[in-house]
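Order of the sequence lines fixes the chain letters, A, B, ..., with proteins taken first and strands second; residue numbering starts at 1 for each chain.
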Protein chains: 2
Amino acid sequence: MSETAVAELPRDFDELRASILSQRESLPKRIAQIAAYALDNPDEIAFGTAASIAVSAGVQPSTLIRFAQHLGFDGFTSLQGVFRARLRERNSSYEERLNTLRVGDGTAAGNHRILDGFLTASRKSLDVMSRTIDEATLDRAIDVLARAETIYILARRRSYPVASYLAYALGKLQVRNQLVESAAGLDPEMIAFATPKDAVLVISFSPYAPATIEDARGLAERDVPLVAITDSAFSPLASIAKLWFEVAEADFGGFRTLASTMALSMALAVGVGEARRAGRGRGRRGGHA
Amino acid sequence: MSETAVAELPRDFDELRASILSQRESLPKRIAQIAAYALDNPDEIAFGTAASIAVSAGVQPSTLIRFAQHLGFDGFTSLQGVFRARLRERNSSYEERLNTLRVGDGTAAGNHRILDGFLTASRKSLDVMSRTIDEATLDRAIDVLARAETIYILARRRSYPVASYLAYALGKLQVRNQLVESAAGLDPEMIAFATPKDAVLVISFSPYAPATIEDARGLAERDVPLVAITDSAFSPLASIAKLWFEVAEADFGGFRTLASTMALSMALAVGVGEARRAGRGRGRRGGHA
DNA sequence: GCGGGAATGAAATAATAATTCCATCAATTC
DNA sequence: GAATTGATGGAATTATTATTTCATTCCCGC
């Protein structure tokens with residue numbers, strides 16, 4: 001009957017912290033020591049081994065296990081799980097939600113669930129972009145595009161809506177641009193005019209439209225600077241482009257959102273607009289650096 | 001003398017990614033497979049065990065070790081270290097950024113501020129839609145569209161990207177649809193074919209494109225059911241349409257997002273797809289209720 | 001079609017890490 | 001001030017996990 005165990009075991013990091021803080025007074029010395037260490041160095045707990053943590057916290061490995069058991073876990077490993085979950089949680093809260101929202105089954109509340117699914121997927125995409133966007137790439141991409149005489153926009157199929165919005169936005173901002181879209185036909189002539197003084201903004205996601213890749217390759221060979229938005233480092237665009245963004249869109253019911261791609265595109269457009277305005281003021285427009 | 005080792009071992013995640021990408025072509029099949037998996041699921045690599053990762057990547061544990069050695073590490077463990085370091089790094093820099101955002105909000109560097117602005121505006125739009133969407137309208141709209149023989153999609157300028165995505169999605173779902181877009185030209189003939197057995201999905205925001213409104217009005221007069229997505233009760237579409245959604249998109253720097261309009265459109269598309277599938281099973285397709 | 005060499009899968013083995021056990025120590029109560 | 005209870009340190013044990021090895025397959029050049 002030595003089990004004083006505090007009954008409810010913390011399921012996530014916040015509960016765990018609360019649990020520790022509430023018992024703080026009554027904890028034995030060494031346990032309190034490791035408790036303080038854990039709250040101060042959560043990453044250490046998440047990644048370390050019982051032995052390594054014990055050393056840097058100045059206790060014995062067995063104390064770690066006692067600590068875990070005091071909190072209601074059955075061992076160090078499950079305690080560590082909570083610290084690890086905390087690090088990945090930033091994505092996974094959405095995952096859960098999306099899993100409960102499956103498309104196919106119910107007919108009744110079904111439609112609302114579908115909308116919820118897309119809203120959740122969109123939010124997730126936006127969050128991922130907030131976290132992962134590389135500021136330096138963004139700056140350089142805007143710089144490249146701002147120097148271009150004409151921006152060629154290359155996108156087909158699923159990415160095409162983004163391209164058409166880009167064309168609209170750039171037009172509004174009075175940035176010369178050319179949307180290359182038609183499945184067949186005039187594209188070759190269109191892009192034939194592009195020179196190294198122009199730039200291409202190409203958007204393509206797996207499965208990459210072959211025509212887009214071909215066009216992009218052709219342009220790259222003629223030294224037209226390429227800025228790409230794509231979905232993986234293994235995209236053919238990643239190896240061709242001067243600069244590329246990796247965008248991970250969440251999907252729902254087999255359709256990926258375009259939320260973060262859209263946001264990025266708009267930021268590029270407005271960024272270019274601003275750079276142009278600033279540049280023109282200083283008489284730098286069209287310069288070749 | 002089996003050590004082909006590629007000399008320099010990557011010290012951080014970026015170097016590692018670069019290294020993988022540069023060798024991408026020459027990697028053996030299974031190694032390439034785990035390489036792609038690693039770049040797509042870095043968190044898995046950081047937390048998992050060799051065995052668990054092997055299972056979810058569909059390879060043998062030994063392949064993981066070979067992969068690590070190909071990259072110059074002496075084993076899986078040290079490779080994993082790089083993935084873990086990245087996670088700590090990213091986590092701390094993410095928190096840092098959140099802090100600086102809260103503290104000096106207007107001050108964030110220019111281009112990044114623009115992107116943040118669009119991301120925030122998009123999130124806001126999604127939140128508003130979550131709260132305000134009327135479920136009954138959604139159900140009825142999907143019902144109307146699902147009964148249509150052909151769905152005509154009407155949108156221009158700023159709304160056009162949404163329309164083009166709808167056309168794409170409906171096409172994928174094998175729902176017959178007709179995108180009406182051209183600024184000049186063939187539209188009159190296109191929509192001349194529409195009958196009350198069809199339906200129109202029209203999207204327009206202030207300032208409403210005159211051509212869209214005219215087309216919509218003409219179709220309504222001929223009793224073609226109209227579903228509209230627009231931005232206010234004062235929109236000319238609100239009085240014409242059989243059903244309409246009010247969508248309030250947040251804006252940044254003079255550009256409105258399309259995030260919630262997109263989400264709604266995708267929900268409509270998928271909802272129609274689902275209804276069709278269910279309806280066809282029960283032989284209800286094309287009925288007129 | 002036939003070696004030769006790399007790549008792969010599966011299982012054995014080695015290493016590492018978590019957990020348990022026990023002797024000792026400290027504190028509290030009678 | 002002895003006895004009891006709980007806490008602690010350290011080492012033994014057990015479990016898990018990485019790594020190695022070896023047999024087999026696949027691919028490429030002849």
Identify, residue by residue, the members of residues 45-60 of chain A with a heavy atom below 4.0 Å from DNA chain C, and return them in order of residue number, or none.
A:T49, A:A50, A:A51

Send over the distance from [X] [atom1] to [N] [atom2], rounded to a whole Å.
| X | N | atom1 | atom2 | answer |
| --- | --- | --- | --- | --- |
| B:D74 | C:dA15 | CG | P | 14 Å |
| A:L64 | C:dA17 | CG | P | 14 Å |
| B:F67 | C:dA6 | CZ | P | 21 Å |
| B:I34 | C:dG9 | CD1 | P | 11 Å |
| A:I65 | D:dA15 | CD1 | C1' | 12 Å |
| A:R30 | C:dA26 | CZ | C1' | 12 Å |
| B:F76 | C:dA15 | CZ | P | 19 Å |

Rounding to 0.5 Å, atoms CG (B:L39) and CZ (B:F13) come to a distance of 5.5 Å

Quick check for you: to the nearest 0.5 Å, what is the distance between A:I34 atom CD1 and A:I20 atom CD1?
9.5 Å

Please tell me if the side chains of A:L79 and A:I65 come closer than 4.5 Å, counting only heavy atoms from C-beta onward.
no

Selected nucleotide, minimal atom distance to B:I31 side chain, candidates D:dA18, C:dT19, C:dT8
C:dT8

Of the listed D:dT20, C:dA7, D:dA18, the closest approach to the B:S62 side chain comes from D:dT20

For A:R17, does the CZ atom have more than 12 heavy-atom neighbours from other residues, nucleotides or ligands under 6.0 Å away?
no

Check the surroundings of atom CZ in A:R24: do more than 12 heavy atoms from other residues, nucleotides or ligands lie under 6.0 Å from it?
no

Considering all heavy atoms of both residues, which atom of A:Q33 and which atom of A:A57 are nearest to each other, and what is their separation?
NE2-O, 2.9 Å

According to a strict under-4.0 Å criterion, is B:R66 in side-chain N/O contact with OP1 or OP2 of C:dA7?
no

B:Q69 side-chain N/O to D:dT20 phosphate OP1/OP2 under 4.0 Å
yes

By nearest-nucleotide position on DNA chain C, the 5'-leaning member of B:P61 and B:S26 is B:S26

Closest to the 5' end of DNA chain D, once B:K29 and B:G75 are matched to their nearest nucleotides, is B:G75

Going by the side chain to side chain donor-acceptor pair (under 3.5 Å) test, name the single residue among A:D251, A:T257, A:T120 that passes it with A:S125.
A:T257

